[in-house]
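Numbered from 1 within each chain, the chains take letters A, B, ... in sequence-line order.
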2 protein chains.
Amino acid sequence: MACTVQLVARPKDPAVRTQLIERAAAMLRAREPITLRSLVAGTGVSTMAVYTHFEGMDGLWQALRQEGFTRLGARFATVAETPDPIRDLTALCAAYLDHALTHPDLYRVMFDASVDLEDLPAADATLEQLVQAARRCRDAGRFRADVVPLDLAIQSWTIGHGLASLVATGPLPPETLDHGPFLLHALFTACGDDPHGCRVSVEQGWRRPAPDDERSRPA
Amino acid sequence: MACTVQLVARPKDPAVRTQLIERAAAMLRAREPITLRSLVAGTGVSTMAVYTHFEGMDGLWQALRQEGFTRLGARFATVAETPDPIRDLTALCAAYLDHALTHPDLYRVMFDASVDLEDLPAADATLEQLVQAARRCRDAGRFRADVVPLDLAIQSWTIGHGLASLVATGPLPPETLDHGPFLLHALFTACGDDPHGCRVSVEQGWRRPAPDDERSRPA
DNA sequence: CGCTGAACATAGCAGCGTTATGGCATGTAC
DNA sequence: GTACATGCCATAACGCTGCTATGTTCAGCG
């Protein structure tokens, strides 16, 4: 209809957006409280920039949540694919826990109370990587044929998130993570994997430091 | 030394304290934002009461967290002990999930970012009930003798908290909880229980509505 | 070149948790 | 029986929060 009108405007600088997100992530890492004014202080921009780029603080938190899932996805991508899919699935779970514990504050933001439906695609993309690994496990014949990859992915996620959450934001000490291999081994053998081969796969997949790239960023 | 002085004072009314945390719990259930002024509005007391009883809002949140663990403990107490300890342990996990999903907001408060060391005893008391159930499982000969009750309790908690957290504050739908029996069965058989008997025990323990007493409290 | 309209800066607003101040009820001491 | 000390609680103010209203600047098109 009247959509022939060509609107012109001063383009918003995408560098400001990433600058704000990175500064917010840095403040999160430094455990400084993130407030609108403290966020823009130091940068040249004013408080209004947060509104043009994120439509308020809620939008900033949401962007931070997305950033967390993006970094988790990048972390997953560093897990090299091996001929042993169970080892790979275990490595993904280990990477999940490593991500959660090297960035506990970002992890808290990812799962805090105000999860919006906007965030579901990001979470789904993360889950999808687990699903594919689970599918490879089944297709490789390690599991019974009736194992549903999505179910196994959710079950793996449950274990990973339970451990990460109880340690990162909860009352249990970091050693709790050592229960990971046992729980995953129990899950995988319940899906039909041979106990002995499973133990080897899980142990191989679990020890995978694969250092996170965010650990020493210049302040 | 100079402690011979006998201090006298007007006693603080404990009814005010319980009134405030019950009102806060009610507001939490109603999904109303809890603010200092909105909390005391309607009650006869003023904002200062929050400071005399809780030393500020942080103290109120902490009291609310304790209340959550207390109610969880009461919910656990309703799980009757049967001759089948694995059924009982499963029932405790089911009660945990039921508690988390009938009071999702309270559950969020229990595990939110600002967990204080003051809250650890409450969490430990909760865990202890799982530990005792796990010990009964092992002592009944259902598990291998080398199973450590504390480890099994933590592992059960991990599964329960992972499911509860992903559903109550996370991106997964309530049907996700149906993975509970499978995960617990995998865990218990990994500890040495007979697969068939374990399936029966878990199924019996899982279906246990045992309605929560907080569902219809007069406003 | 002038116009349009979005991006950004500044200033002010309502609301938040917190704190200073003062009245008043309460339990002890004389 | 009365006077006093003590600390609960109400009132008012403070600094801070996220947010919005208003004005200015500047990129892109006719």
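A donor and an acceptor atom, one from each side chain of T78(B) and R75(B), are located under 3.5 Å apart.
Looking at heavy-atom distances under 4.0 Å, G59(A) makes no contact with the nucleic acid at all. V45(B) comes within 4.0 angstrom of sugar-phosphate atoms only, judged by non-hydrogen atoms across all strands, and of no base.
Taking the side chain to side chain donor-acceptor pair (under 3.5 Å) definition, one finds that D112(A) meets it with R65(A), S114(A), sequence neighbours left out. Taking P171(A) as the reference, L166(A), F111(B), L120(B), A123(B), W157(B) meet the side chain to side chain contact (heavy atoms under 4.5 Å, CB included) condition, with sequence neighbours excluded. By the side chain to side chain donor-acceptor pair (under 3.5 Å) test, S165(B) is found to be paired with H161(A), residues two or more places apart in sequence or in another chain being considered. Qualifying salt bridge (charged side-chain N to carboxylate O under 4.0 Å, His left out) partners for E81(B), counting only residues two or more places apart in sequence or in other chains: R136(B). Shown here are the side chain to side chain donor-acceptor pair (under 3.5 Å) partners of R108(A), two or more places apart in sequence or in another chain: D105(A).
Nucleotide dG18(D) holds its C1' atom 15 Å from the CG atom of L20(A), rounded to whole Å. Atom P of nucleotide dT17(D) and atom CG of L60(A) are separated by 15 Å, given to the nearest angstrom. Distance M57(A) CE to dC16(C) P: 18 Å, rounded to the nearest Å. Rounded to an integer number of Å, the gap from CG of D58(B) to P of dT19(C) is 10 Å. Counting to the nearest Å, the P atom of dG18(D) and the CD atom of E55(A) are 17 Å from each other.
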Can you check nucleotides 20-26 of chain D for protein contacts, nitrogen or oxygen pairs under 3.5 Å, and list what you find?
from, atom 1, to, atom 2, distance (Å)
dT25(D), O2, R10(A), NH1, 3.4

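Of the residues in residues 34-42 of chain A, those with a non-hydrogen atom less than 4.0 angstrom from any atom of DNA chain D are I34(A), T35(A), L36(A), R37(A).
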N/O donor-acceptor pairs under 3.5 Å from side chains in residues 49-61 of chain A, not counting sequence neighbours:
from, atom 1, to, atom 2, distance (Å)
T52(A), OG1, A49(A), O, 3.0

Which pairs would a plain distance check flag for residues 34-45 of chain A, meaning a side-chain donor or acceptor within less than 3.5 Å of a matching protein atom at least two apart in sequence or in another chain?
from, atom 1, to, atom 2, distance (Å)
S38(A), OG, T35(A), N, 3.1
S38(A), OG, T35(A), O, 3.0
T43(A), OG1, V40(A), O, 2.7
T43(A), OG1, V45(A), N, 3.4

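Applying the 4.0 Å criterion to OP1 and OP2 of dC8(D), one finds that H53(B) has every side-chain N and O outside that range. Contact annotation: T52(A) side-chain N/O to dA7(C) OP1/OP2 distance is not under 4.0 Å.
Atoms OH and OH, from Y107(A) and Y96(A) in turn, are 3.0 Å apart once rounded to the nearest 0.5 Å.
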